[in-house]
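Read the numbers this way: they start at 1 and go in the same order the structure lists the ligands and their atoms.
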Amino acid sequence: MRTKRITSSREAAEIIQAGGLVAFPTETVFGLGADATNEAALQRLFQAKGRPSDNPLIVHLAAASQWPQAASTMTDHAEQLLAAFAPGPLTVVLPKHDSISSLATAGLSTVGIRIPKHPAALAILHEAKLPVAAPSANRSGKPSGTTWRSVLEDLEGRIDAVYCEDSASIGIESTVVDCCHAAPIVLRPGAVTMEQLRQVTPDAKSSDLQSINQQAKSPGLMHPHYQPAARVTILSDAEPVPVDPRFAYCGMQPLKDGDALGLYAVFPTVEDYAAQFYEFLREADRRALSAVFVQAAPAEGIGRALLDRQHRASGGRRE
Ligand code: TXA
Ligand code: MG
């Protein structure tokens, strides 16, 4: 099966309604959409990505008011956060509605809900009139796809269609906030920053992912993620980078001999750094480079989410 290139939201919605798999752009990264109430479609989705079945999927809706299609209860914190950040790069975790397949939620009693802001994603969701499960559109473990060509590098022949539009994307996935407890808990840092969340819900806290408790709550976070074939090493500011054409470097600080590297990128802002990060890792693999040195992102604003992805890309290694 050749993956169809499409640019019609109606066609994308029809494929999803028929149980098919369609990759589409969102303002964070590309998602791989399937009907969240259709077990056969979800089984194909896990297979296409090579995704472990214990990693729950985010359910996408066309509007926050449609939450009863996916969740059984709304909580005060989720309501406040959705009012402030939906549509946008936020996922709230709520008690699950029975109509959502337990395959989508990996057997958990909760469900992650997101209303994306990207016009193509919203148009597809409006036309599909279904809750759409959409993990990032990449092979499991790899960097997420932020262009349709990257999506096809991983998924050509494994999915029915890809919606071919690239857009100025945030480049880092949504912030996942568990809203089922007394205080909101950030399970995955993302494009909505901790500073922004605390303006709405001042008691929002970061999860301690080391704790057994949190592992049970969001098991997928424990799998390897965002890793290219090249070995990724995080640099703090002071360290020199070995100048070698088999190596790559990206960061916000220029290098003296940067042009002698196999791939070299300096980003003017942390937002640009985040937007280009996954594509940079993929380009290093296209050039078959052996090592990628990444300057540690500043640990504030969206830099916190980028730093989290850098740590995961490096498999925890630090120079
Ligand atoms: O920006 C995004 O969120 C993108 C776009 C496509 O919307 N999607 C995305 O999906 O990043 P995925 O599957 O790559 O990541 C979903 C994350 C995982 O870390 C998963 O463990 C967590 O959300 N998650 C989903 N449902 C959950 C639940 N019920 N409880 C806790 N964590 C959940
Ligand atoms: Mg993913």
Please identify which atoms of ligand 1 are closer than 4.0 Å to at least one heavy atom of Thr110. 28 (C), 29 (N), 30 (N)
Proximal atoms of ligand 1 relative to Gly112 (non-hydrogen, under 4.0 Å): 26 (N), 29 (N)
Flag the pair Tyr163 / Phe24 as yes when their ring centroid distance falls below 6.0 Å, and as no otherwise. no
Return the set of residues passing salt bridge (charged side-chain N to carboxylate O under 4.0 Å, His left out) with Lys4 (not counting sequence neighbours), or none when no residue passes. Glu11
Are any of the N/O atoms on Arg114, whether in the backbone or the side chain, positioned under 3.5 angstrom from an N/O atom of ligand 1? yes
Thinking salt bridges, do Arg44 and Glu39 make one under a 4.0 Å N-O criterion? no
Could you tell me which atoms of ligand 1, counted from 1 in the order shown, lie closer than 4.0 angstrom to a heavy atom of Thr28? 1 (O), 2 (C), 4 (C), 5 (C)
Ligand 1 to Thr26 polar contact by distance, N or O atoms, under 3.5 Å: no
Kindly indicate, with the supporting measurements, whether the criterion side-chain contact (heavy atoms from CB on, under 4.5 Å) is fulfilled by Ser144 and Phe30. CA-CA 7 Å; Ser144 303; Phe30 270 71; over 6 Å; no
Output the list of atoms in ligand 1 that are nearer than 4.0 Å to some heavy atom of Leu108, sorted by atom number. 28 (C), 29 (N), 30 (N)
At a non-hydrogen distance cut-off of under 4.0 Å, which region of Leu57 contacts ligand 1 (side chain, backbone, both, or neither)? backbone
Inspect the contact between Arg304 and Glu195 and indicate whether a charged nitrogen and a carboxylate oxygen are less than 4.0 angstrom apart. yes
For Val292 and Arg231: C-alpha separation, side-chain torsions, deciding distance, then whether side-chain contact (heavy atoms from CB on, under 4.5 Å) applies. CA-CA 6 Å; Val292 180; Arg231 182 188 166 96; over 6 Å; no
Steps toward side-chain contact (heavy atoms from CB on, under 4.5 Å) verdict (Leu81, Cys179): CA-CA 9 Å; Leu81 291 171; Cys179 293; 3.9 Å; yes
Heavy-atom gap Lys96 to ligand 1 smaller than 4.0 Å: no
Should the proximity of Arg51 to ligand 1, defined as any heavy atom under 4.0 Å, be assigned to the side chain, the backbone, both, or neither? side chain
Short N-O contact, Glu27 and Lys117, less than 4.0 angstrom: no
Does some non-hydrogen atom of Pro89 fall short of 4.0 Å from ligand 1? no
Ignoring angles and geometry beyond distance, decide whether Arg188 reaches within less than 3.5 Å of ligand 1 through its nitrogen or oxygen atoms. yes
One finds that the ligand 1 atoms under 4.0 Å from a non-hydrogen atom of Glu173 are 1 (O), 2 (C), 11 (O)
Can you tell which of Pro56, Ser169, Ser174 gets a heavy atom nearest to atom 33 (C) of ligand 1? Pro56
State whether Asp178 and Arg188 are salt-bridged, where the test is any N-O pair (Lys NZ or Arg NE/NH1/NH2 against Asp/Glu carboxylate O) under 4.0 Å. no
Please check if the distance between the ring centroids of Phe247 and Phe293 is under 6.0 Å. yes
With a cut-off of 2.8 Å, how many protein N, O or S atoms neighbour the Mg ion (ligand 2)? 1
Would one find an N or O of Thr91, backbone or side chain, under 3.5 Å from an N or O of ligand 1? no
Is the shortest distance from a Lys or Arg side-chain nitrogen in Glu173 or Arg114 to a carboxylate oxygen in the other one below 4.0 Å? no
At the 4.0 Å heavy-atom cut-off, does Ile58 count as touching ligand 1? yes
Measure the shortest side-chain to side-chain distance between Ser169 and Val29 over non-hydrogen atoms and say whether it is less than 4.5 angstrom. no
Between Phe85 and Leu197, is the side-chain contact (heavy atoms from CB on, under 4.5 Å) condition met? List the steps. CA-CA 9 Å; Phe85 302 113; Leu197 289 175; 4.1 Å; yes
Are the side chain of Asp166 and the backbone N or O of Trp148 linked by a donor-acceptor pair below 3.5 Å? yes
Where ligand 1 meets Val111 - atom numbers and elements under 4.0 angstrom, heavy-atom basis: 29 (N)
Heavy-atom contacts with Pro135 under 4.0 Å: which atoms of ligand 1 show up? List them by number with element. 10 (O), 12 (P), 13 (O)
Any idea which of Ala137, Ala133, Ser136 brings a heavy atom closest to atom 10 (O) of ligand 1? Ser136
Considering only NZ, NE, NH1 and NH2 on the basic side and carboxylate oxygens on the acidic side, decide whether Arg286 and Glu153 come within less than 4.0 Å. yes
Atoms of ligand 1 less than 4.0 Å from Gly31 heavy atoms? 6 (C)
